[in-house]
2 protein chains.
Amino acid sequence: MGTTQADPVQEPKYWHLKTVLTEALDSEFSVGEILPNERDLAARFGVARATLRQALEQLELEGRLQRRRGVGTTVAPPRVGVAVGSERHLWPGAAGDAWQPADCTSAVPPAAVADLLQTARDERVHTVRRSRVTHGQPVAAELLYIPASSVPDLSAIDAPSGTARARAVLRELQRADLEDQDQAVELGSASAEDAKELDRLPGAPVLVVTTRYHAGGRTAAVSVATYRADTCRLTFGASGRVEIHHDPERRAS
Amino acid sequence: MGTTQADPVQEPKYWHLKTVLTEALDSEFSVGEILPNERDLAARFGVARATLRQALEQLELEGRLQRRRGVGTTVAPPRVGVAVGSERHLWPGAAGDAWQPADCTSAVPPAAVADLLQTARDERVHTVRRSRVTHGQPVAAELLYIPASSVPDLSAIDAPSGTARARAVLRELQRADLEDQDQAVELGSASAEDAKELDRLPGAPVLVVTTRYHAGGRTAAVSVATYRADTCRLTFGASGRVEIHHDPERRAS
DNA sequence: GAGTGGTCTAGACCACGCA
DNA sequence: GCGTGGTCTAGACCACTCC
């Protein structure tokens, strides 16, 4: 009855690698430092490159590493805390918000958004693109969906598209009374378009924040914002910011 | 102006595969249905199994698929909306919350948590494990860190560990005035321990929600909750729930 | 034991950033 | 042009679930 076995419980190699690398990152590397390339690292650990990459991918997902094609792998700084839920009762585009309007067009929203807006599935709405930058780095790309009925007085004289129109639409939106807003966060992967704005490859993991703005008893606007999951920590309802930590991996001893 | 490009712009195979599969899922499959196995699918699409897997991994990440070793790949139901930020001004363990206490021990918290708690890095605190179940499925595992000073009247007579003690600690916590709470969400990967509770493999993507509870001008407790990223959509501050949609991938036309 | 997804290998070529 | 990470292949074996 030998349960005595020291049981090398078949921990996958890439998992063990991840542990080893994590410890090395904690003790022997400093932020911004570049790691040896993948081929060298794989050789050093005696594994195939694909296996090493599996470990690196997880570490990048956890925000410990940053990899760039043609450049190399570097040690990532701690995640940035990004306030997402603190400006309650504020319209998008309110003075001093962190977003920069980029463009405005008109389009039929995805069915899911049309349902949130309670518009017909083939109804065109204003779409405003905005981007959010922190510490000089792009952290989020947003698409705002605003039914024409939410900005009834939008002047036809304003520019038909572009940044100017984006500002005009947001300005008009401010005139309604914002009653409430609610948000949801889920994991997604960057579309080709978002990826470009976020300086990542398509498919990169993102945190998708969907916000509904309520006014006049209906949903006056919907925002779909995609945040870089590797570099961002979304904060909700905090008063003071605390710049601290990461590594969601390690728990109690 | 030539946006006319037929430009075979070198879209990676796995990306194209993902698109094709997504469309197939939308039109030809229903929730719960099982897909052909990976070897067959790969053959059908004329790619290596590894390439097909890259596409499946992304789809699973986006909550469209569910894969289980030894079983197969099935079409996942839409993500569940899980209320996370609505019970403001409520202590963990308040009557009717969604959590079920599982265990309670005492341990030195990770440095990051000790900093949040403003305790010494080698100070032991109470740690309460809880789990959250929705629709019969486990969706989250939580670790609560509670300094002894937050529950000063905890009777030494209570059970030294186990569910009973967990309840006792939470009960004592209610006696303080909760002044505020703030939360942060970030992407992480499941520890071996969490993975088991969440019925996933270690390393599975999770949304890590860190909550600080403020009372008496200090941080009275810290909660680190890990939610299954594949199945959960975290909702904040909503009044009414709206069960709708997913696919954060598709945006405006 | 049969069939599934999970891990791993040892190669190859490609896209990109930079000098 | 060189070195980097990103994609892809065609195999192999393993861990798991279910019959």
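Chain identifiers are assigned alphabetically (A, B, ...) following the order of the sequence lines, protein sequences preceding nucleic acid strands; residue numbering begins at 1 within each chain. Treat the numbers as computed from the prediction; the structure is a model and nothing was measured.
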Q: Is B:Thr73 close enough to C:dG5 that one of its side-chain N or O atoms is under 4.0 Å from OP1 or OP2 there?
A: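 So the side-chain polar atoms of B:Thr73 do come within 4.0 Å of the phosphate oxygens OP1 or OP2 of C:dG5, strictly under.
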Q: A side-chain contact here means heavy atoms from C-beta on lying under 4.5 Å apart; do A:Thr226 and A:Glu197 qualify?
A: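 SC-SC contact between A:Thr226 and A:Glu197 ruled out.
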Q: So, do A:Asp194 and A:Val206 sit near enough that their side-chain heavy atoms are less than 4.5 Å apart?
A: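 No, every pair of side-chain atoms sits at 4.5 Å or beyond.
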Q: Quick one: B:Glu38 CD to C:dG5 C1', roughly how many Å, whole number?
A: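 Value for this atom pair: 5 Å.
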Q: Among D:dC8, D:dG6, C:dG5, which nucleotide sits nearest the side chain of B:Arg53?
A: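 From the listed options, C:dG5 comes nearest.
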Q: Please determine if a side-chain N or O atom of B:Asn37 lies less than 4.0 Å away from the OP1 or OP2 oxygen of C:dG3.
A: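 Looking at the OP1 and OP2 atoms of C:dG3, neither is under 4.0 Å from any side-chain N or O of B:Asn37.
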Q: At under 4.0 Å between heavy atoms, what does A:Arg49 touch on the DNA or RNA strands: base, sugar-phosphate, or nothing?
A: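 Base, at least one base heavy atom under 4.0 Å.
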Q: Could you state the CD-C1' distance from A:Gln54 to C:dG6, rounded to the nearest angstrom?
A: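 Roughly 8 Å, once rounded to whole Å.
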Q: From C:dT9, D:dT7, C:dG6, pick the nucleotide closest to the side chain of B:Arg67?
A: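 Among C:dT9, D:dT7, C:dG6, the one nearest the side chain of B:Arg67 is C:dG6.
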Q: Side chain of B:Arg39, base of C:dG5: donor and acceptor closer than 3.5 Å?
A: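 Such a pair is found, so the answer is yes.
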Q: Closest heavy-atom contact between A:Pro110 and A:Tyr145?
A: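 Closest pair (atom of A:Pro110, atom of A:Tyr145, distance): CD-OH, 3.7 Å.
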Q: Are side-chain N/O atoms of A:Gln183 and A:Thr211 paired as donor and acceptor at under 3.5 Å?
A: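 Short answer, yes.
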Q: Side chain of A:Ala48: nearest nucleotide among C:dT9, C:dT7, D:dC8?
A: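 Within the option list, the nearest is C:dT9.
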Q: Rounding to an integer number of Å, can you tell me how far A:Glu11 CD sits from C:dC8 C1'?
A: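 After rounding, the gap between these two atoms is 15 Å.
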Q: Identify whether any heavy atom of B:Leu56 sits under 4.0 Å from a base atom; if not, whether one sits that close to sugar-phosphate; answer base, sugar-phosphate or nothing.
A: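 Contact class for B:Leu56: none.
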Q: Locate the shortest heavy-atom distance separating B:Arg79 from B:Cys232; write the atom from each residue and the value.
A: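 Here B:Arg79 and B:Cys232 meet closest at CD-O, 3.4 Å.
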Q: Between A:Val71 and A:Gly46, just flag the one whose closest nucleotide in DNA chain C comes earlier from the 5' side.
A: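 Looking at DNA chain C, the more 5' nearest nucleotide goes with A:Gly46.
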Q: Without decimals, in angstroms, what is the distance between A:Arg69 CZ and D:dC2 C1'?
A: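 For the pair A:Arg69 CZ and D:dC2 C1', the rounded distance is 16 Å.
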Q: What is the distance from CG of B:Leu52 to C1' of D:dT7, rounded to the nearest Å?
A: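 Checked: the CG to C1' distance equals 14 Å.
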Q: What is the separation between atom CD1 on A:Ile34 and atom C1' on D:dT4, rounded to the nearest whole Å?
A: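 After rounding, the reported distance stands at 10 Å.
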Q: Is there a side-chain polar atom (N or O) of B:Tyr14 under 4.0 Å from OP1 or OP2 of D:dC8?
A: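 Negative; the distance criterion is not met.
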Q: Take atom CD of A:Glu57 and atom P of D:dG6, then tell me their distance rounded to the nearest Å.
A: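 Between P of D:dG6 and CD of A:Glu57: 8 Å.
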Q: Round to the nearest Å and state the distance from B:Phe45 atom CZ to D:dT9 atom P.
A: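 Rounded to the whole Å, the gap is 13 Å.
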